[in-house]
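Heads up, the thing below is written out as structure tokens.
Numbering of ligands and ligand atoms starts at 1, following listing order. These values consider heavy atoms only, across backbone and side chains, with no hydrogens, waters or symmetry-generated copies. Just so you know, residue 1 is the first one in the sequence shown, and it goes up from there.
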Amino acid sequence: MNTTQKRIEETLQMPVFSYVQKAADELGVDAYVIGGFVRDIFLGRPLGHDIDIVTVGSGIALAQKVAELLPGKNQIQVFKTYGTAMIKWKENQLEFVGARKESYSKDSRNPVVENGSLEDDQNRRDFTINALALSLNSEKFGFLLDPFNGIQDLNDGVIRTPLDPDITYSDDPLRMLRAIRFATQLGFTIENNSFQSIAKNNSRIGILSMERIVEELHKILSCSKPSTGFLLLEKAGLLPHILPELIALKGIEEVEGQRHKDNFYHTLEVVDNICSYSENLWLRWAALLHDIGKAPTKKFDKKIGWTFHAHEFVGAKMVYKLFKRLHMPLNEKMKYVQKLVYMSSRPIVIAQDNVTDAAVRRLVFDAGELLDDLLLLCKADITTKNPKRFSRYHKNFELVKQKIEEVETRDHIRNFQPPVSGEEIMRIFALKPCRQVGEIKEAIKEAILEGEIPNEYDAAHAFMLNKAKSMGLTPA
Ligand code: CTP
């Protein structure tokens, strides 16, 4: 027995399948496990907890029978309108559906559904690799039904639609994004006709909800090399509909013999780089958006050449608008991305100057708990192809990191808490909350960041007394 066969057998030995087998046999209907779960068995990928079961008959009736047979009390949810049902059992989520034929109207993803054969059901699925079905009935338990050579496509690494791609994609335009996402996740190629069809139908993406689009973007960004997906989105003409801010970074302009880099390709390199350092999805978003302010701020200056003045500030503002447009959360995640975009050039600027302790302390203070992620982003941002510059930037960057460590061990600026609190200042000088208290606190913070005094209570207390005196205040 080869390893795939062994894996199929082992997987189908999961207790849940024996209950489906029993239920289907008792009802006298055919039942199959189908879709991504089967695909991943063949690919040897880790199996998810979502299991799709299709039956030639009523999905709801089969689910009800399975729920009866499963030990313990089981939650079953029935969706009458769709003819589907869902059971949660242990860590698994079982989705039941009756085999169907579907036809779609032009402006909606909601199909008109009719009962159909297994083959009808396989036909209406997105890709041949997602249409593989394994029988769960006793007499042909584990038997594979693969009418579109999905196994061949799995072996060849090809994404292909079971039907004419124009039909499959216009039935459900989300599949255009799914094709690109699977190509990125699995390292597969989208078959040429399919790709042409995506490019031709790209404006159909307009009927999708932002939430669906973002879900696919998250999945692409969670891959080890997201650039594959973004390049495909760009090539298929989908990206302008989703992230025009990235498209605006494309291209190289030349004035008086001076060129700037192509910030679109640079951005994708930064995203790939960050993926080898961190799994954090939002850090990956920050990498994707770190330069978006460069398009609207680009200028050519005869003396200095190309400039992108204040692009970090402009970019951070654009992050908010972009998140809002894509219906992404406008919460601490957005603020995190915004802050990283805003600070994205800081460590590198420091690295290029003579690194002073004060500059490092300010960086640590401003970045706060985002410091480590900011440093990763900056490291990922070094994409120069000039080997001398590459090693110089990395050396400088390491120097900044080393300085940060030194300054941190000495001054504890990260998560800075003022050594003298506002309450204490008010108590000492018998003040109510007022501007003067804020002024003294700010002066203490500045003195610490500038290195005039250490980040310690006694020094801060003495400094406070002096500062207050210069403001005409005396202790009560
Ligand atoms: N499907 C489809 N068209 C879609 C979405 C899903 O034809 N737009 C079908 C495919 O057969 C797919 C199955 O429904 O395999 C289950 O879909 P889903 O759970 O969304 O995706 P998976 O293929 O299981 O993969 P993943 O979990 O990685 O998204």
Side-chain angles (χ1 to χ4, degrees), residues 11 32-55 59 79 82-88 91-104 108-111 113 116 118-134 144-151 153-154 158-188 190 194 197-198 201 204-205 207-209 211-224 226 229 238 281:
T11 309
Y32 305 85
V33 53
I34 196 164
F37 191 84
V38 180
R39 176 198 67 222
D40 290 340
I41 298 179
F42 281 93
L43 282 174
R45 294 177 86 212
L47 298 174
H49 297 302
D50 291 355
I51 304 178
D52 293 322
I53 309 284
V54 64
T55 177
F79 307 96
Y82 300 103
T84 62
M86 198 254 288
I87 299 178
K88 283 196 176 157
E91 70 279 15
N92 289 114
Q93 183 158 312
L94 304 167
E95 303 265 0
F96 292 84
V97 60
R100 47 179 140 177
K101 267 186 193 162
E102 282 176 0
S103 58
Y104 291 75
S108 155
R109 288 188 64 225
N110 297 329
V113 183
L118 175 71
E119 184 142 354
D120 288 332
D121 194 276
Q122 287 173 303
N123 254 319
R124 71 166 184 98
R125 289 181 180 264
D126 52 3
F127 308 116
T128 59
I129 60 168
N130 285 344
L132 303 167
L134 291 172
L144 172 70
L145 288 111
D146 175 19
F148 314 109
N149 294 322
I151 294 291
D153 286 339
L154 274 185
V158 173
I159 308 282
R160 186 196 313 276
T161 55
L163 300 176
D164 174 345
D166 281 347
I167 299 176
T168 301
Y169 292 123
S170 74
D171 275 356
D172 180 0
L174 183 67
R175 292 166 170 171
M176 304 195 282
L177 297 180
R178 283 172 61 89
I180 290 174
R181 186 251 295 183
F182 283 122
T184 316
Q185 263 178 346
L186 306 176
F188 280 24
I190 301 174
S194 216
S197 170
I198 297 177
N201 292 297
R204 292 268 297 148
I205 194 182
I207 70 163
L208 298 179
S209 73
E211 287 77 2
R212 292 265 178 209
I213 295 177
V214 167
E215 206 178 307
E216 292 301 325
L217 289 180
H218 284 341
K219 287 186 178 173
I220 292 175
L221 274 175
S222 303
C223 294
S224 55
L238 288 165
L281 174 68

For ligand 1, is there an N or O atom under 3.5 Å from any N or O atom of Arg178?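 N/O-N/O distance under 3.5 Å: yes.
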
Polar proximity ligand 1 side, Asp172 side, N/O cut 3.5 Å exclusive: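 The answer is yes, given that Asp172 and ligand 1 share an N or O pair closer than 3.5 Å.
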
Any idea which atoms of ligand 1 are less than 4.0 Å away from a heavy-atom of [X]?
{"X": "Asp52", "result": "13 (C), 16 (C)"}
{"X": "Gly35", "result": "15 (O)"}
{"X": "Arg125", "result": "7 (O), 9 (C), 10 (C), 11 (O), 13 (C), 14 (O)"}
{"X": "Arg181", "result": "26 (P), 28 (O), 29 (O)"}

Step by step, work out the side-chain contact (heavy atoms from CB on, under 4.5 Å) result for Arg45 and Leu186. CA-CA 10 Å; Arg45 294 177 86 212; Leu186 306 176; 3.6 Å; yes

Short question: side chain of Asn130, backbone of Gly35 - any donor-acceptor pair under 3.5 Å?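 The answer is no, because no donor-acceptor pair under 3.5 Å joins these two groups.
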
Using modelled atom types and a 3.5 Å cut-off, is there a donor and acceptor pairing between side-chain atoms of Asn92 and backbone atoms of Leu94?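 No, because the side chain of Asn92 does not come within donor-acceptor range (under 3.5 Å) of the backbone of Leu94.
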
Examine ligand 1 and decide if any of its atoms is less than 4.0 Å from a heavy atom belonging to Lys219.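 Yes, that is the case, since the closest heavy atom of the residue is under 4.0 Å from the ligand.
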
Before accepting this row, confirm whether a basic side-chain N of the pair Arg125/Asp121 lies closer than 4.0 Å to the acidic partner's carboxylate O.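 Asp121 and Arg125: salt-bridged.
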
Under 4.0 Å, heavy-atom basis, I'd like to know which part of Arg45 is in contact with ligand 1: side chain, backbone, both or neither.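 The answer is neither.
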
Is there a side-chain contact between Gln122 and Pro162, using heavy atoms and a 4.5 Å cut-off?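 Gln122 does not reach Pro162 side chain to side chain.
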
Heavy-atom nearest neighbour of atom 1 (N) of ligand 1 within options Asp126, Val97, Val54, Val38: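 Considering heavy atoms of Asp126, Val97, Val54, Val38, the nearest to atom 1 (N) of ligand 1 sits in Asp126.
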
Measure from atom 22 (P) of ligand 1 to every heavy atom in Glu215, Gln93, Arg39, Met176 and give the option owning the shortest one.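 Looking at heavy atoms only, the winner is Arg39.
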
Under a 3.5 Å threshold, yes or no: a donor from one side chain and an acceptor from the other, between Asn201 and Ser197?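 Yes, side-chain donor-acceptor contact under 3.5 Å.
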
Which class fits the ring pair Phe127 and Phe182: parallel under 30°, tilted 30 to 60°, perpendicular over 60°?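 Because their plane-to-plane angle is over 60°, the rings of Phe127 and Phe182 count as perpendicular.
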
